[in-house]
Amino acid sequence: MSENCSDCLVNARVDSLEKEFDRYRDGSTKTHKEMFERLNALEQDKTALATRLEGMDAKLDKLVSWREVQDDKPNKLLDKLKESSIWLVLAAVIGVVLGRIGL
């Protein structure tokens, strides 16, 4: 066997393996690039979604507070009517009593 083995079968196999390895490396680089692009797109979508959710939360809070105010309005009116009715009945009773006394 000679020292210079440029035409050996082993060298041919090594060259073949080097080419195959380079092809796999190029493929994995492309795959990694695609994965990172997808991850970046997902992060941007997540940020946009978080912004939309914050806006929706603010609108819901506003709607809930408006609804609470609307729920209190009829109760206030009803309470005011009850109070007025009580004073009216009391005034009528006092008027009848004073009328019987002759004042």
Side-chain angles (χ1 to χ4, degrees):
M1 209 161 134
S2 68
E3 293 287 327
N4 189 358
C5 190
S6 61
D7 57 344
C8 292
L9 293 177
V10 174
N11 276 346
R13 182 68 180 145
V14 167
D15 289 341
S16 171
L17 287 174
E18 283 178 349
K19 288 177 185 176
E20 188 176 343
F21 180 76
D22 288 340
R23 191 169 27 114
Y24 284 128
R25 186 178 5 189
D26 290 342
S28 67
T29 300
K30 181 182 173 187
T31 303
H32 287 140
K33 182 179 178 184
E34 290 173 359
M35 286 176 23
F36 285 124
E37 288 173 355
R38 285 182 173 180
L39 285 173
N40 285 335
L42 286 173
E43 287 175 351
Q44 290 173 354
D45 288 345
K46 179 185 172 195
T47 303
L49 182 61
T51 303
R52 288 183 66 194
L53 286 175
E54 287 174 5
M56 289 171 66
D57 283 344
K59 288 178 182 178
L60 280 174
D61 290 341
K62 185 177 177 181
L63 182 62
V64 166
S65 65
W66 175 81
R67 180 64 190 180
E68 288 173 351
V69 168
Q70 294 302 314
D71 286 344
D72 287 342
K73 280 185 180 179
N75 292 337
K76 288 180 183 177
L77 178 63
L78 188 60
D79 288 343
K80 193 177 257 188
L81 286 174
K82 286 179 186 177
E83 183 180 334
S84 297
S85 299
I86 291 172
W87 282 111
L88 181 66
V89 169
L90 185 61
V93 169
I94 291 174
V96 169
V97 170
L98 288 176
R100 292 210 182 212
I101 294 176
L103 291 175

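Basis for what follows: all heavy atoms, side chains included, without hydrogens, waters or symmetry-related copies.
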Review point. For the side chain of Ser84 and the backbone of Leu81, is there at least one donor-acceptor N/O pair under 3.5 Å apart?
Key: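 A pair under 3.5 Å: no.
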**Study point:** Ser16 side chain to Ala12 backbone, donor-acceptor under 3.5 Å
**Key:**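 The answer is no, because no donor-acceptor pair under 3.5 Å joins these two groups.
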Exercise for review: Show which residues join Val69 in its hydrophobic cluster (side-chain heavy-atom contacts under 4.5 Å, direct or indirect), or state none.
Suggested key: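 Members besides Val69: none; it forms no cluster.
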**Study point:** Hydrophobic cluster (4.5 angstrom, side-chain heavy atoms) - remaining members for Met56
**Key:** Leu49, Leu53
Practice item. Step through the shown structure and confirm whether more than 12 heavy atoms of other residues, nucleotides or ligands are within 6.0 Å of CZ on Arg38. Key: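 Atom CZ in Arg38 is not packed in, count stays at 12 or less.
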Check your understanding: Which one of Gln70, Glu68, Lys62 satisfies the side-chain contact (heavy atoms from CB on, under 4.5 Å) criterion with Trp66?
Key ->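 By the side-chain contact (heavy atoms from CB on, under 4.5 Å) criterion, Trp66 pairs with just one of Gln70, Glu68, Lys62: Gln70.
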Exercise for review: Using the side-chain contact (heavy atoms from CB on, under 4.5 Å) rule, pick out the option among Val97, Val96, Leu98 that qualifies with Ile94.
Suggested key: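 Exactly one option meets the side-chain contact (heavy atoms from CB on, under 4.5 Å) with Ile94, and it is Leu98.
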Point to revise | Within-4.5 Å side-chain heavy-atom neighbours: Glu18 and Val14 | key: yes
With a cut-off of 3.5 Å and sequence neighbours excluded, list every side-chain donor-acceptor pair involving residues 25-34.
from	atom 1	to	atom 2	distance (Å)
Arg25	NH2	Asp22	OD1	2.7
Ser28	OG	Tyr24	O	3.4
Ser28	OG	Arg25	O	2.9
Thr29	OG1	Arg25	O	2.8
Thr31	OG1	Gly27	O	2.9
His32	ND1	Ser28	O	3.1

Check your understanding: Yes or no on side-chain contact (heavy atoms from CB on, under 4.5 Å) for Leu78 and Lys82, after CA distance, side-chain angles and deciding distance?
Key -> CA-CA 6 Å; Leu78 188 60; Lys82 286 179 186 177; 4.0 Å; yes
Check your understanding: Which distance, rounded to the nearest 0.5 Å, do you find between the CG of Leu42 and the NZ of Lys46?
Key -> 10.5 Å
